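This report concerns only the one structure given below.
Chain letters run A, B, ... following the sequence lines, proteins first, then strands; residues in each count from 1. Predicted model, so just to flag it, every value in this text is computed and none were measured. Note that these values count all heavy atoms, side chains included, but never hydrogens, waters or copies made by symmetry.
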2 protein chains.
Amino acid sequence: MSKRITIKQLAATLGVSAATVSRALNDSFEISQPLKEKIKAYAKRVGYNPDRIAVNLRRGKTKTVGVIVPSISYNFNSRAIEGIEKIMIPMGYKVLIFQTMEGYQREKEAVEYLISINIDAVIASISAETNKYDHFDQIRQNEIPLVLIDRTSKYVEASEVVINNELSSYLAVKHLIETGRRKIAWITGPKGLPLSQLRQRGYERALEQFNIPFDPRLICNCTFNTDMGFEATKNLISKNPDIDAIYALNDRIAIGAIGAIHSLNRKIPEDIAVVGFNNEPFDPLISPSLSSVYMPSIKMGEEAARLVLSHLKEKKFLPQKRIFDTNLIVRASSQM
Amino acid sequence: MSKRITIKQLAATLGVSAATVSRALNDSFEISQPLKEKIKAYAKRVGYNPDRIAVNLRRGKTKTVGVIVPSISYNFNSRAIEGIEKIMIPMGYKVLIFQTMEGYQREKEAVEYLISINIDAVIASISAETNKYDHFDQIRQNEIPLVLIDRTSKYVEASEVVINNELSSYLAVKHLIETGRRKIAWITGPKGLPLSQLRQRGYERALEQFNIPFDPRLICNCTFNTDMGFEATKNLISKNPDIDAIYALNDRIAIGAIGAIHSLNRKIPEDIAVVGFNNEPFDPLISPSLSSVYMPSIKMGEEAARLVLSHLKEKKFLPQKRIFDTNLIVRASSQM
DNA sequence: TTGAAAGCGGTACCAG
DNA sequence: CTGGTACCGCTTTCAA
């Protein structure tokens, strides 16, 4: 009734050896068909479920990949995970999901745990808080393939699946400029984040191209949530009342910006246009509907998984880089 | 450089036995302080990370709980997981997250995997598709505590953390009636889902109390997404043009309903009021802002984790039930 | 085609 | 306080 059935017990009741049972259950060609059938049938009947811990220990591999993301509540991450699972599960892999809540400590612990359970590969998106990368180096030192997705670091040797951040950002800002905006604020994330830096470069390049002077007072570093977006926007507008557009690192920040603009009785997009990033599912629903940069999140997850599979085949780890294009989705918040 | 360091290698280089290293690393009281220090220091220096698979196999337990949810992209689930982690991680547990995409097969596989890795406890929210429950019985047969959260089944013996579905639903419909609605459509999920049935009972009870005849043509079973909500609503309204309110099982469906109502050029809430369920973060942002039933998702996750901890302490599994109150958040979609 | 036995990497009991 | 050793449950040579 209770405790787990072992292969030995099966062997005993069937009057064969544990080795034979193991072989039968693993479809070894060296077991006679009738015996194999009999063993399998019996195993099924008693609900035998092999102890994967023992199997993994013995075999030295786990048919498991770990996924580490800042938060599963971000649309990009849950979609990317969907893509990863779509590829890995049919190939017989288990996908273990960990979220770090943007924290370094939890990221480090997740990595160490995954190494300690002999994970086959790791797909990760780096936390905002992370500024040391030794834990990722450990993955590579254990000869475990590592694929970074969306949030990467030049300090980590890994395959990368990213979007063209600079170009995406350039196009978003270009759109704002071409619709008549000149005082475009940029609300971004923590300074260290490569993604922030790349997108800022795109922002600067667009300004430059249209001969709009770069004004550091229009730039604000904040964290990834709506409340911070709200505060940052209030602040920016109070100090620079002539701002006519806000470009935000992501849609959560943009939502906060919209709230702040409304609370200051300014009109969107007439007075101030808003463009976000990530194309969250709620973007078309909010008022005004939010312009945003679409990322092919599921496809990116799938590609990360494919890279994992190819790394798993190769003897030597050869990091690869995949860059995806984005799409600016223009909605009411930036278009009159 | 590469392959993992074992306890034997440590023992060899340090000139002690593997047993001693193990004891030192586990802070056993029977090792002299200086030796312990020395071993620990060396282990840290070479980055020794014990093979948790071997540890788990030997110890027979894993300090790990599994969480199985229909989809991590549902706000309720990601919040509940947040709550679970808030309690379990500080207690030294790992939390393994699995999503089933509402599928029976994936749910079953997740359960079997968790059993096969000797999980300490399971917290699960049942898939919409699931109508066989033998996999959950297996959990109990292996003497693993099981806590169901939000989506439960009377066929599964487990602790439960739920909301008062019938009452919540009753109050939502009562609100619609009290604001003058009489033809209230109810768009719900798959028929089998207990949650659907309970909420329908609340719906019926409210109608009854106000002497509004129950009309089965105003009820529509659909799946959990926006597209289905859209179709269902179009259908309902075309067949019953005098509908003056739509009450939906969840906010995704409600969003679809809003889209459909707009596409038919009806006004919300003047012509048709809408109330959803789950209070998704985008509810206040959409246009019109969506009335919805708030569920204390993080608190429910925390409570599920606390139940797990108490079950882990007790010798015998005594299923418990925790019922949480909800809050109807009235917004523009149901209030003139 | 099957069985015996070694061993994956740790832990814990038993000696000393 | 430390070492030797059996063993967790399974897989996989090696021998028969």
Discussion item. Heavy atoms only, 4.0 Å cut-off, all strands: where does Leu57(B) land among base, sugar-phosphate and nothing?
Written reply: base
Item to complete: Decide yes or no, distance alone: a donor-acceptor N/O pair under 3.5 angstrom between the base of dC7(D) and the side-chain of Arg58(B).
Response: yes
Discussion item. Tell me whether Glu303(A) is salt-bridged to Lys299(A), with the criterion being a basic N under 4.0 Å from an acidic carboxylate O.
Written reply: no
Fill in: Interatomic distance where CG belongs to Asn26(A) and C1' belongs to dC10(D) [whole Å]
9 Å
Discussion item. With a cut-off of less than 4.0 Å, is there a side-chain N or O of Asn56(B) near OP1 or OP2 of dG10(C)?
Written reply: no
Discussion item. With a 6.0 Å cut-off (strictly less than), is the heavy-atom count around NZ of Lys63(B), excluding the residue itself, greater than 12?
Written reply: yes
Practice prompt. Give the nucleotide from the list dG9(C), dA12(C), dA4(C) with an atom nearest to the side chain of Ala19(A).
Written response: dA4(C)
Practice prompt. Could you check how far NZ of Lys61(A) sits from C1' of dT11(D), rounded to whole Å?
Written response: 12 Å
Worksheet item: Under 4.0 Å between a side-chain N/O of Thr20(B) and OP1 or OP2 of dG3(D), yes or no?
Response: yes
Worksheet item: Between dC13(C) atom C1' and Glu30(B) atom CD, what is the distance in whole Å?
Response: 10 Å
Worksheet item: So what is the end-to-end bend of the helix from dT1(C)-dA16(D) to dG16(C)-dC1(D), with 5 pairs used at each end and the value given to 10 degrees?
Response: 50°
Worksheet item: Quick one: do Asp27(A) and Lys36(A) make a salt bridge, cutoff under 4.0 Å?
Response: yes
Worksheet item: When you check the gap from the basic side-chain N to the acidic O, do Glu109(B) and Arg106(B) get nearer than 4.0 Å?
Response: no
Fill in: Of Arg59(A) and Phe29(B), the one whose closest DNA chain D nucleotide lies more 5'
Phe29(B)
Discussion item. From CG of Leu14(A) over to C1' of dT2(C), roughly how many Å is that when rounded to an integer?
Written reply: 14 Å
Discussion item. Less than 6.0 angstrom from the centroid, inside 45 degrees of the normal: does Arg140(A) satisfy that with respect to the ring of Phe317(A)?
Written reply: yes
Fill in: Stepwise salt bridge (charged side-chain N to carboxylate O under 4.0 Å, His left out) check, Glu82(B) with Arg79(B)
CA-CA 5 Å; Glu82(B) 209 179 309; Arg79(B) 291 296 162 212; 2.6 Å; yes
Discussion item. By nearest atom, which of the nucleotides dT2(C), dC10(D), dG3(C) is closest to the Thr6(A) side chain?
Written reply: dC10(D)
Worksheet item: Is there a donor-acceptor contact under 3.5 Å linking the side chains of Glu85(A) and Gln99(B)?
Response: yes
Discussion item. OP1 or OP2 of dG9(C) versus the side-chain N and O atoms of Tyr48(B): is any pair under 4.0 Å?
Written reply: no
Discussion item. Within the 4.0 Å heavy-atom criterion, would you say Ile53(B) contacts the bases, only the backbone, or no part of the nucleic acid?
Written reply: nothing
Worksheet item: So, does the side chain of Arg23(B) form a donor-acceptor pair with the base of dG3(D) at under 3.5 Å?
Response: yes
Item to complete: Check the distance between dT11(D)'s P and Ile39(A)'s CD1 and give it to me in whole angstrom.
Response: 13 Å
Worksheet item: Would you say a side-chain N or O of Ser32(B) is under 4.0 Å from OP1 or OP2 of dT2(D)?
Response: yes
Practice prompt. Let me know the distance between CG of Asn49(A) and P of dG9(D), rounded to the nearest Å.
Written response: 14 Å
Worksheet item: How many Å lie between NZ on Lys8(A) and P on dA4(C), as a whole number?
Response: 13 Å
Worksheet item: For dT11(D), does either OP1 or OP2 sit under 4.0 Å from a side-chain N or O belonging to Ser22(A)?
Response: yes
Discussion item. We want to know whether His135(B) and Glu107(B) form a side-chain donor-acceptor pair, criterion being a heavy-atom distance below 3.5 angstrom.
Written reply: yes
Worksheet item: Rounded to whole angstroms, how far apart are CD on Gln33(B) and C1' on dT2(D)?
Response: 16 Å
